[in-house]
Amino acid sequence: MNGEKYTAVMLVILQSTLYGLGDPISKVAFEAVPVYSLLSVRYVIALAVIMLFAGKRVVTETVRSSPKDWLLPSLCMGGAYVANNIALELTAATSVAFIRSLSTVMTPLLVLVIFRRKYNRKHIPIQIAVIAGLYLLCGYGGLSGFGAGEIFSLLSALLIAGSLVFGEDSLKRMDPITITALQTAASAVMALICAPVFEGGWDFSGADFKVWSIIVYLAVGCTVGGYLLQNAALVRTSSQMVALVQCSCPVITAFFSWLILGESLSAAGVAGVIIILFCIAADTMIKDEAHEVTKPSAQPK
């Protein structure tokens, strides 16, 4: 595995760790604050942090760029994590993690349909195996049905795949920080619209210090850190590779869900963890055509 690919894998695993903790603690916060209210302040804080440190750079590159360079990955990313957090309020964190990770299958299909890019068939058995591992980890004995939470999880998976596919293309022309800022802005707008429409406004009356601490972590760690890590990885490797390595997230989510929420991990779940980790390691060893890394245009100082 070359250096760029190795770095990308490490970036995605770090992203999965941030999300793995974020999923179960989100459920804790949702017990005190309505979902859209929480998401609104989460994304506004995240956007404020980005603009504080890189606002001039973001504005300058956005003005110089065409909306087609950033609109689709921004809308997909914003929609994905709004849908994901709604799902977390409606069903078990491990179920959300399982269905969300189906993006690993959706991503190469979108690449094939949209960009007509050939896909190495050596990846197919690994993808089938990783889905089996995900089911053992998150679904075996735990998926009681297919309700609203599962529907939002499936929508999240599709939109995550879209954010990866369109994001990989956009990052050939724009830098990760600007794309991250625009994706965060899209997430904030969606949440700010949904709060008054579906919840009648914003309600933080139940938020205490613990809840606000969770919100800050979700804003800075999961949104700023998670979005930026994904975009930095997409500069170094393909969207298909990023989607596959993101399957490490349910493994980490299962650990934190056990630690924080008391959600147990069965023997089947342990087998699923082993399968997933083996598949991720095996897939990184497959040699594809070199991933074309096109650096974004020079950034203003």
Side-chain angles (χ1 to χ4, degrees), residues 4 7-8 11-12 15 18 39-40 42-84 103 106-108 110-117 156 158-194 219-243 246 290-301:
E4 287 289 291
T7 300
L11 291 172
V12 177
Q15 179 200 33
L18 294 173
L39 293 179
S40 296
R42 165 185 172 174
Y43 292 125
V44 168
I45 292 172
L47 184 60
V49 170
I50 296 171
M51 297 307 289
L52 178 64
F53 291 98
K56 182 178 179 181
R57 177 178 181 174
V58 169
V59 171
T60 301
E61 186 177 10
T62 302
V63 170
R64 292 180 177 180
S65 303
S66 168
K68 67 180 182 181
D69 289 334
W70 51 264
L71 188 58
L72 282 176
S74 298
L75 292 177
C76 285
M77 182 73 96
Y81 289 104
V82 168
N84 176 77
S103 60
M106 297 176 182
T107 298
L110 283 179
V111 169
L112 178 63
V113 171
I114 296 171
F115 295 112
R116 305 295 181 184
R117 187 187 305 163
S156 177
L158 179 60
L159 291 171
I160 287 172
S163 75
L164 291 171
V165 173
F166 295 121
E168 180 186 357
D169 183 61
S170 295
L171 286 161
K172 296 175 182 177
R173 297 176 294 277
M174 300 180 70
D175 75 5
I177 293 176
T178 302
I179 291 291
T180 296
L182 292 168
Q183 289 171 328
T184 304
S187 302
V189 169
M190 291 180 188
L192 287 167
I193 291 172
C194 288
V220 178
C222 294
T223 301
V224 179
Y227 285 17
L228 189 57
L229 286 166
Q230 176 173 301
N231 289 323
L234 285 170
V235 172
R236 295 167 170 82
T237 191
S238 69
S239 55
Q240 297 99 306
M241 185 74 245
V242 172
Q246 283 178 339
H291 174 65
E292 182 180 352
V293 178
T294 304
K295 297 295 183 183
S297 56
Q299 303 304 316
K301 296 182 179 179

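Because the structure is a prediction, the values reported are computed rather than measured.
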Compare all side-chain heavy atoms of [X] with those of [Y] and state whether any distance is below 4.5 angstrom.
X    : Y    : value
Q183 : T223 : no
P176 : L171 : yes
V242 : E168 : no
V224 : T184 : no
S239 : L234 : yes

CG (L164) and CE (M106) are apart, to the nearest 0.5 Å, by 12.0 Å
When rounded to the nearest 0.5 Å, the distance separating OG1 of T107 from CG of L158 is 9.0 Å
request  = Compute whether any side-chain donor of one residue and acceptor of the other, for R173 and S65, lie under 3.5 angstrom apart.
outcome  = no
According to side chain to side chain contact (heavy atoms under 4.5 Å, CB included), who are the partners of [X], at least two apart in sequence or on a separate chain?
X    : answer
L11  : T7, L229, A232, A233, R236
M190 : L75, V82
V189 : I193
F115 : V165, D169

Hits for ring pair (Phe, Tyr, Trp, His ring centres under 6.0 Å) against F166, two or more places apart or cross-chain, chain-then-number order -> none
According to side chain to side chain donor-acceptor pair (under 3.5 Å), who are the partners of [X], at least two apart in sequence or on a separate chain?
X    : value
Y43  : none
S156 : none
S170 : none
Q246 : Q15, Q230

Check: Would you find a donor on one side and an acceptor on the other, under 3.5 Å apart, between the side chain of S238 and the backbone of M241?
Finding: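 Pair found, side chain donor or acceptor close to backbone of M241.
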Does N231 reach the main-chain N or O of Y227 with its side chain, forming a donor-acceptor pair under 3.5 Å?
yes
Audit row: T178, D175, side chain to side chain donor-acceptor pair (under 3.5 Å) steps and yes/no
CA-CA 6 Å; T178 302; D175 75 5; 2.8 Å; yes
**Study point:** Minimum heavy-atom distance between S74 and W70, given as atom pair plus value
**Key:**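 So the two residues come closest at OG-O, 2.7 Å.
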